[in-house]
Amino acid sequence: MNPLVSDTQAEATIYAPWRSLGEKSCYSEDSLAETLDGGQSFRWQITDSGFWQGAWNSFVIQLRLKGDCLQWRAPRESTVPREEVLRYLAIDTSYEDMISELPWRSDSVLEEAIQSFHGLRILKQPLGETLFSFLLSSVKSIPQIKELCLLAAQQYGEEIIPGVHALPTWARLAEVEEVDLRKLKFGYRAKYVSATANRLVNEPEFLSIVEAAPYEEGRSLLMELPGVGGKVADCALLFGAGKLEAFPVDTWIAKALSARYNLNDWSLDQLATFGRIHFGRFAGLAQQFLFSFERKKAR
DNA sequence: CCGCAGCCTCCCCT
DNA sequence: AAGGGGAGGCTGC
């Protein structure tokens, strides 16, 4: 039924044995789920056997939590370097040091959010893929964005292993007519994707320039792209370029800041600036805690 | 500089 | 049962 999910028997033969990614991942089932499937990435889901399965670039892996130990495995036929996995999951960075630098000691709202999602991390996804998925995100819920990504992958993405497709490259997307993207339920976002694809193909260095640039400069560059405003740019920079100071302000964060920090009638831009100043160098991580916490309370 | 409707489509609500 | 309102925004007026 679901193309990303294989049955239990097939899994055993297709996949290499489980390997550890480290005893001290700090993850709980909750914070792992929130990291993989809480709005940073739209490419993870639970298999029949209860593992997480996800894909980026041409990599497919599965993850599971065995006690405190995060484990991973990849299809036998594919080559997935361990370093790639560590980098994507941001396990190589000093997590506790970042937490320590957040102002939770003087901010009880943040403190409570961190406690309830300890282990939550910011992923380091490929920038191009991150930009693509957030171009589709406007006025869409997470399940809807996941479906759009899946449709695009199945239609225009390379098949990595049987049944699992990579997201389409920007080069491929540039070849696709806007009307065909609309057929994939993209709606008015089809125009953004087509126009952005054309620009990126004409300027092949664009995304690597963005990634190498300081935060503010990268943000301005991304916002030159059609369909990319402040929020989408910040999401791409935070989840796809390792710019941890980016502070995306969506409706959830706006609601949280307004209610909990008493910032009524502030514009989205003002809230983003407040977030970067108040939460500091790792504002984006604080944002993710607040975002997850706010959504949890709504459930 | 600010505020606002319109944009595709799906889903939930009455 | 048909129709309105809103959903992790951006653009142009």
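Labels below follow one simple rule: chain letters A, B, ... track the order of the sequence lines, proteins then strands, and each chain is numbered from 1.
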Checklist line | Those residues that, when tested against A:N262, pass side-chain hydrogen bond (donor to acceptor under 3.5 Å, both in side chains) (two or more places apart) | finding: A:N264
Next item on the list: Return the set of residues passing side-chain hydrogen bond (donor to acceptor under 3.5 Å, both in side chains) with A:E111 (not counting sequence neighbours), or none when no residue passes.
Entry: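 Expected list: none.
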Which part of the nucleic acid does [X] contact within heavy-atom distance under 4.0 Å: base, sugar-phosphate only, or nothing?
X: A:R189; answer: base
X: A:F291; answer: base
X: A:I253; answer: nothing

Integer angstrom distance from the [atom1] of [N] to that of [M]:
N: B:dG6; M: C:dG4; atom1: P; result: 14 Å
N: B:dG3; M: C:dG8; atom1: P; result: 23 Å
N: C:dG6; M: B:dC4; atom1: P; result: 14 Å
N: B:dA5; M: C:dG5; atom1: P; result: 12 Å
N: C:dT11; M: B:dC10; atom1: C1'; result: 22 Å

Item checked: Summary of side chain to side chain donor-acceptor pair (under 3.5 Å) pairs that have at least one residue in residues 235-249 of chain A, sequence neighbours excluded -> none
Checklist line | Residue pairs involving residues 281-292 of chain A (criterion side chain to side chain donor-acceptor pair (under 3.5 Å); sequence neighbours excluded) | finding: A:E34-A:S292, A:E101-A:R281
Notebook entry, point to check: Think A:R121 forms a cation-pi with A:Y95, using NZ or CZ under 6.0 Å from the six-ring centre and within 45 degrees of its axis?
Noted result: yes
Next item on the list: Compute both the distance and the angle, then confirm whether A:R260 meets the cation-pi test with A:F293: under 6.0 Å from the six-membered ring centre, within 45 degrees of the axis.
Entry: no
Between [Y] and [X], is the closest basic N to carboxylate O distance under 4.0 Å?
X: A:D234; Y: A:K231; result: no
X: A:E175; Y: A:R172; result: yes
X: A:K124; Y: A:E211; result: yes

Between [N] atom [atom2] and [X] atom [atom1], what is the distance in whole Å?
X: A:D269; N: C:dG9; atom1: CG; atom2: P; result: 15 Å
X: A:R182; N: B:dC10; atom1: CZ; atom2: P; result: 13 Å
X: A:K191; N: B:dT9; atom1: NZ; atom2: C1'; result: 15 Å
X: A:L222; N: C:dG9; atom1: CG; atom2: P; result: 18 Å
X: A:L184; N: B:dC8; atom1: CG; atom2: P; result: 16 Å
X: A:K146; N: C:dG8; atom1: NZ; atom2: P; result: 14 Å
X: A:Q270; N: B:dC1; atom1: CD; atom2: P; result: 12 Å
X: A:I142; N: C:dG9; atom1: CD1; atom2: P; result: 11 Å

Next item on the list: List in chain and number order the residues that pass side chain to side chain contact (heavy atoms under 4.5 Å, CB included) with A:A152, two or more places apart in sequence or in another chain; answer none if no residue qualifies.
Entry: A:F132, A:P168, A:L184, A:F186
Item checked: Residues within residues 231-252 of chain A bordering DNA chain C, heavy-atom distance below 4.0 Å ->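 Nucleic-acid contacts, sorted: A:K231, A:V232, A:D250, A:T251, A:W252.
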Note to self: Using a strict heavy-atom distance below 4.0 Å, which residues from residues 29-42 of chain A are in contact with DNA chain C?
What the structure shows: A:G38, A:G39
Notebook entry, point to check: Are the ring centres of A:Y27 and A:H118 closer than 6.0 Å?
Noted result: no
Contacts table for residues 63-70 of chain A: side-chain donor-acceptor under 3.5 angstrom, sequence neighbours left out:
residue	atom	partner	partner atom	Å
A:R64	NE	A:Q71	OE1	2.7
A:R64	NH2	A:Q71	OE1	3.0

Quick test: give all pairs of protein nitrogen or oxygen and nucleotides 11-13 of chain C nitrogen or oxygen below 3.5 Å, distance rounded to 0.1 Å.
residue	atom	partner	partner atom	Å
C:dT11	OP1	A:G227	N	3.0

Please produce a list of atom pairs where a protein N or O lies less than 3.5 Å from an N or O of nucleotides 11-14 of chain B.
none

Note, [X] side chain near [Y] side chain (heavy atom, < 4.5 Å):
X: A:V228; Y: A:L131; answer: yes
X: A:L173; Y: A:L200; answer: no
X: A:L148; Y: A:K185; answer: yes
X: A:R73; Y: A:I61; answer: no

Notebook entry, point to check: Which nucleotide sits closest to the side chain of A:K185: B:dC8, B:dC10, C:dG8?
Noted result: B:dC10
Next item on the list: Would you sketch DNA chain C in dot-bracket for me? Only Watson-Crick or G-U wobble pairs with both distances under 3.5 Å count, crossing pairs as [ ], other-strand pairs as |, the rest as dots.
Entry: .||||||.|||||
Margin query: Applying ring pair (Phe, Tyr, Trp, His ring centres under 6.0 Å) as the test, list every pair that has at least one member in residues 196-243 of chain A; sequence neighbours left out.
Written below: A:F134-A:F239
